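The structure displayed is predicted, hence computed values, not measured ones.
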Amino acid sequence: MARYLLAPTSTSALLPKDAAKTSPPSRTLRLPVLGSRSGKARPIMAVASEQTATPTKYPKVAAPTTGPIPAAELLGVIEAAAKAGADVIMEAVNKPRNIHYKGVADLVTDTDKLSESVILEVVTKNFKNHLILGEEGGLIGDSLSEYLWCIDPLDGTTNFAHGYPSFSVSIGVLFRGKPAASTVVEFCGGPMCWSTRTISASSGGGAYCNGQRIHVSQTDKVEQSLLVTGFGYEHDDAWTTNINLFREFTDISRGVRRLGSAAADMSHVGLGITEAYWEYRLKPWDMAAGVLIVEEAGGVVTRMDGGAFTVFDRSVLVSNGVVHGQLLDRIGPPTEDLKKKGIDFSLWFKPDKLRVEAPAYYLITRPRWKLCACRNVLQEAASHDSKVNSYSYSERKNRKKDGAYIDKDGVARTFDRKKISRKRGGAIKGRGWKYGSGFVDGVFPVLSPMAQDILEFVQKGTDVAKIWESLDNIPRAHDLWDDIVNVAVQLRLNRQWEPIITVCEWVLYRSSFRPDIICYNLLIDAYGRKRELSKAESIYMALLEANCVPTEDTYALLLRAYCNAGQLHRAEGVISEMQENGVPPSATVYNAYLDGLLKARCTEKAVEVYQRMKKERCRTNTETYTLMINVYGKAKQPMSSLKVFSEMKTIGCKPNICTYTALVNAFAREGLCEKAEEVFEEMQQAGHEPDVYAYNALMEAYSRAGFPQGASEIFSLLEHMGCEPDRASYNILVDAYGRAGLHQEAEAAFQELKQVGMRPTMKSHMLLLSAHAKAGNVSRCEEVMAQLHKSGLRPDTFALNAMLNAYGRAGRLDDMERLVAAMERRDGGAAPDIGTYNVLVNVYGRAGYLDRMEAAFGAVAARGLAADVVTWTSRIGAYARKKEYGRCLEIFEEMVDSGCYPDAGTAKVLLAACSDERQVEQVTAIVRSMHKDAKTLFKL
């Protein structure tokens, strides 16, 4: 086989996606949003690539749309919030200031803080789930939101403190990382004659000042321009460079101003008062509003090196567009020099979940690699250059040069990447990729020696630039495409999402291959697993723009991604998208929907989707029924699971081992071990050999029923039948002994888990803690916690709740309260959940401290949690012990009114509160009236 030398022929490496390929015009993913304010659902807009702005060589910074929220509605809230902040400033502008210093020269006043508080009040009142980044308050809100508010409550605080007329309130809203709408309220005039003007803009809607349309100036020469700049508080190389630029432009232009409010400075460019503004080291809240105003007024926005701009960058240059190139000729070179000196120009900040489409500064190294296919190894052929550079415009333009390799005769040759592409109808093209399995046509991928080398290299590598550069230099051959796809599918089997993204995005954005549906589906799946929804949507858009037809697997993967992230309204949008395009959702698509809803524990929605399938005459299959059995099982409705199982057999659909295991699990969760045993035996009679999952489900049934010896016998049977117990098997055994109060046996099972070479997980430790807590062995619980820390595991909420229970059962209420306080402060990283307060309510109730118990119950709502059936039952139990029957009924009514329905434990404590037969009959009648089939839910 040939030996290939993966050596770069130029100083090229990882490139911005928009530089790697010429993108077609952007298209939108129309996913209707349920519950929108208008009667007709509006679409969610997703963008994969942007059309360039005028002039064409500068990309647009604005979002293509304001998203599901109409521009008028979004702007209305922004302007109201900005006005509220401006009113606070106007009231304080002629009064004495209370000034604090954030740094040597960076000051903040009480007015900054008060202005931000009133702005936040307006924003959160209208958009509770949006993410907000404020100069004073930092980052708050929902990290999964597609909207980010960048708020500077007082831009130009120093000017405000001195009464100098250049300060403003600046609010910019990003949709999927790009400016969508903004408002700047600028203070004009001076002491005793202050006034304001409001400059607003929205994506595609233009820019306005006090209701009148504005436009940048048409001055076409720097010599006739009035310019503006700014200086940060750090007097470093960037500051010195800008001082030199200030001097240079002062000599050649009509003047350079330094006013002190970035938002106002950029607004002046939009108003046509000045021709350009630039500055290093700004923050997102300084730029988010102003850059949109400039662009919507007809101007241009880039970084100071001429690169594509995002509001998270560390430099900005805005202009009327006509003089932009002239400015870059003078500003670009010194900026490149700063980067060579090591000045940090990476993204200043970006929320983890927020998508930013514009490229950052891509750093490169220059490695040389040799891939020896005959030996299945990758060896580094030369040391890396120590100096790290970034790309200039010319380097990006001439990126795809000839590749080099050594042929089988040892002769050095080159190849033109542009002329080599995968053959049409290749070995895997069109054969697809089975949803949920990661296999091609249900078969494990067979890796060639070359594919094995690529797989090992990608798995070991963490530098995307290095991986892409190495893949660039493999000669394009028809077999290479199959190797790349097989590698990606193998990574999917290994659940390695980052390497999948690296390989598949190389195919999309870097290689000369024409990707097909399998590549897009793998990327959608990887981003969905990582809950990066905007990126998954972007890949879907790229798929459409490439005229690649989505398959049912594509829609299924999108559905699962939305459900996993709790975005159910967007999942419905996928179904609507299919129906609008005349593609009826198949069982594969609906099954993916049910799977996502199952993981999200949305039982009612899953039942609704299941009924919709039958109404639309969508052919259900074994997987559909298995999912529904699991849905009802997790909702603790085993008889409904059994009903689905019977319906399945009635229509002739054959259950598989997963179906039987799901039904065993459904009964196991309720501790119905006899029913679970019947299903287990029926599975064997149907010819299915039980696997470890089936045995585990049966063990769980005995554990929940309080029969640890039965669980132990099933464990022994599992080993006797040649099945190897897994970690879950040992965990169930520990739990079974713990529930029965046999802490010594639970300890023995835990130690056996370690002896067989398995590492105990957090759940293993939590179950052991619960076992010792139930036995009141607090000292051992503390030892387990210490052991947990020693093994490098940080206790999660469940483990801490077990520790709380141990303290409570031992009567050590002070220790319990100290631990709760630490959890509420998040000292250990784990926040309290409803289980935490269930322990408190139960412990205080049992101890007779009703005031403390009610305070703990009140804290549930105060922390934004919802009381569950255990919370309510524990609260009723506290009064039942004192035979306060009337109070118990009052709480029971509150429970039902809140939408929480009773279980067997609730019925038990209500009966415990009864003092005579009349009350017993009354409770029995009430409980039976709550459900049609009370026997399946209550043991009365």
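With Val301 as reference, Val316 is the one residue of Leu317, Val316, Leu292, Thr310 to meet the side-chain contact (heavy atoms from CB on, under 4.5 Å) rule. Under the salt bridge (Lys or Arg N to Asp or Glu O under 4.0 Å) test applied with Asp525, the options Arg560, Arg495, Lys530, Lys535 reduce to a single match, Arg560.
Taking CD from Glu279 and CZ from Arg281, the interatomic distance works out to 11.0 Å, rounded to the nearest 0.5 Å. In this structure, OH on Tyr520 lies 8.0 Å from CD1 on Ile539, to the nearest 0.5 angstrom. With rounding to the nearest 0.5 Å, the separation of OH in Tyr540 from CG in Leu544 is 4.5 Å. Rounding to the nearest 0.5 Å places CG of Asp329 at 8.0 Å from CD of Gln326. If you take CG on Asn521 and CD on Glu552, they are separated by 10.5 Å, rounding to the nearest 0.5 Å. Taking CG from Leu533 and CG from Leu144, the interatomic distance works out to 7.0 Å, rounded to the nearest 0.5 Å.
Taking the charged nitrogens against the carboxylate oxygens, Glu469 and Lys466 have no contact shorter than 4.0 Å, which rules out a salt bridge. Under the 4.0 Å criterion applied to side-chain N and carboxylate O atoms, Lys341 and Asp337 are not assigned as salt-bridge partners.
Without hydrogens or angle criteria, Arg314 side chain to Phe345 main chain gives no donor-acceptor distance under 3.5 Å. Proximity of a side-chain donor or acceptor of Glu146 to a complementary backbone N or O of Ser534 within less than 3.5 Å is not detected. Proximity of a side-chain donor or acceptor of Ser145 to a complementary backbone N or O of Asp142 within less than 3.5 Å is not detected. Counting only distance, with no hydrogens or angles, the side chain of Asn494 and the backbone of Gln496 share no donor-acceptor pair below 3.5 Å. Between the side chain of Ser511 and the main chain of Val507, a donor-acceptor pair closer than 3.5 Å is present.
Within the 4.5 Å cutoff, side-chain heavy atoms of Cys563 are placed close to those of Tyr593. Between Trp506 and Val458 the shortest side-chain heavy-atom distance does not fall below 4.5 Å. Contact of the Leu174 side chain with the Leu133 side chain is not registered, since no non-hydrogen atoms from C-beta on lie closer than 4.5 Å. For the pair Lys460 and Leu455, the minimum side-chain heavy-atom distance is 4.5 Å or more. Using a 4.5 Å cut-off on side-chain heavy atoms (C-beta onward), Ile501 and Tyr527 make contact. Considering only heavy atoms from C-beta on, Thr65 stays 4.5 Å or farther from Ser203 through its side chain. Using a 4.5 Å heavy-atom threshold, the side chains of Val311 and Asp286 count as separate. In this structure, the side chains of Arg492 and Ile500 come closer than 4.5 Å at one or more pairs of heavy atoms.
Side-chain contact check for Tyr280 and Thr335: at least one donor-acceptor pair (N or O, by modelled atom type) lies under 3.5 Å. A side-chain N or O of Tyr562 and one of Glu537 form a donor-acceptor pair less than 3.5 Å apart.
Here the shortest heavy-atom pairing between Leu471 and Ile484 reads CD2-CD1, 4.2 Å. Here the shortest heavy-atom pairing between Val61 and Glu295 reads N-OE1, 2.8 Å. Between Phe457 and Ile467 the shortest heavy-atom distance is CE2-CA, 4.0 Å. For the pair Asp313 and Met287, the tightest heavy-atom approach, listed with the atom from each and the gap, is O-CE, 3.4 Å. Nearest heavy atom pair, residue Leu558 against residue Ala536, reads CD2-O, 4.4 Å. Of all non-hydrogen atoms in Pro284 and Cys150, the two that sit nearest each other are O-CB, 4.0 Å.
A parallel orientation is assigned to the rings of Tyr147 and His130, their planes being inclined by less than 30° (bins at 30° and 60°).
Residues satisfying the side-chain hydrogen bond (donor to acceptor under 3.5 Å, both in side chains) test with Glu296, not counting sequence neighbours, are none. Pro334 meets the side chain to side chain contact (heavy atoms under 4.5 Å, CB included) test with Thr241, Leu245; sequence neighbours excluded.
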Legend entry - Chi angles and distances behind the side-chain contact (heavy atoms from CB on, under 4.5 Å) call for Ile517, Cys519: CA-CA 5 Å; Ile517 192 62; Cys519 187; over 6 Å; no
Inset, instruction - Begin with the C-alpha distance, continue with both residues' side-chain angles, and end with the deciding distance and a verdict on side-chain contact (heavy atoms from CB on, under 4.5 Å) for Val300 and Val294. - result: CA-CA 7 Å; Val300 165; Val294 170; over 6 Å; no
Inset, instruction - Determine, stepwise, if the pair Ile331 / Asp305 fulfils side-chain contact (heavy atoms from CB on, under 4.5 Å). - result: CA-CA 7 Å; Ile331 294 176; Asp305 66 347; over 6 Å; no
Inset, instruction - Starting from the C-alpha separation in whole Å, work towards a yes-or-no answer on side-chain contact (heavy atoms from CB on, under 4.5 Å) for Tyr555 and Val589. - result: CA-CA 6 Å; Tyr555 294 114; Val589 175; 4.2 Å; yes
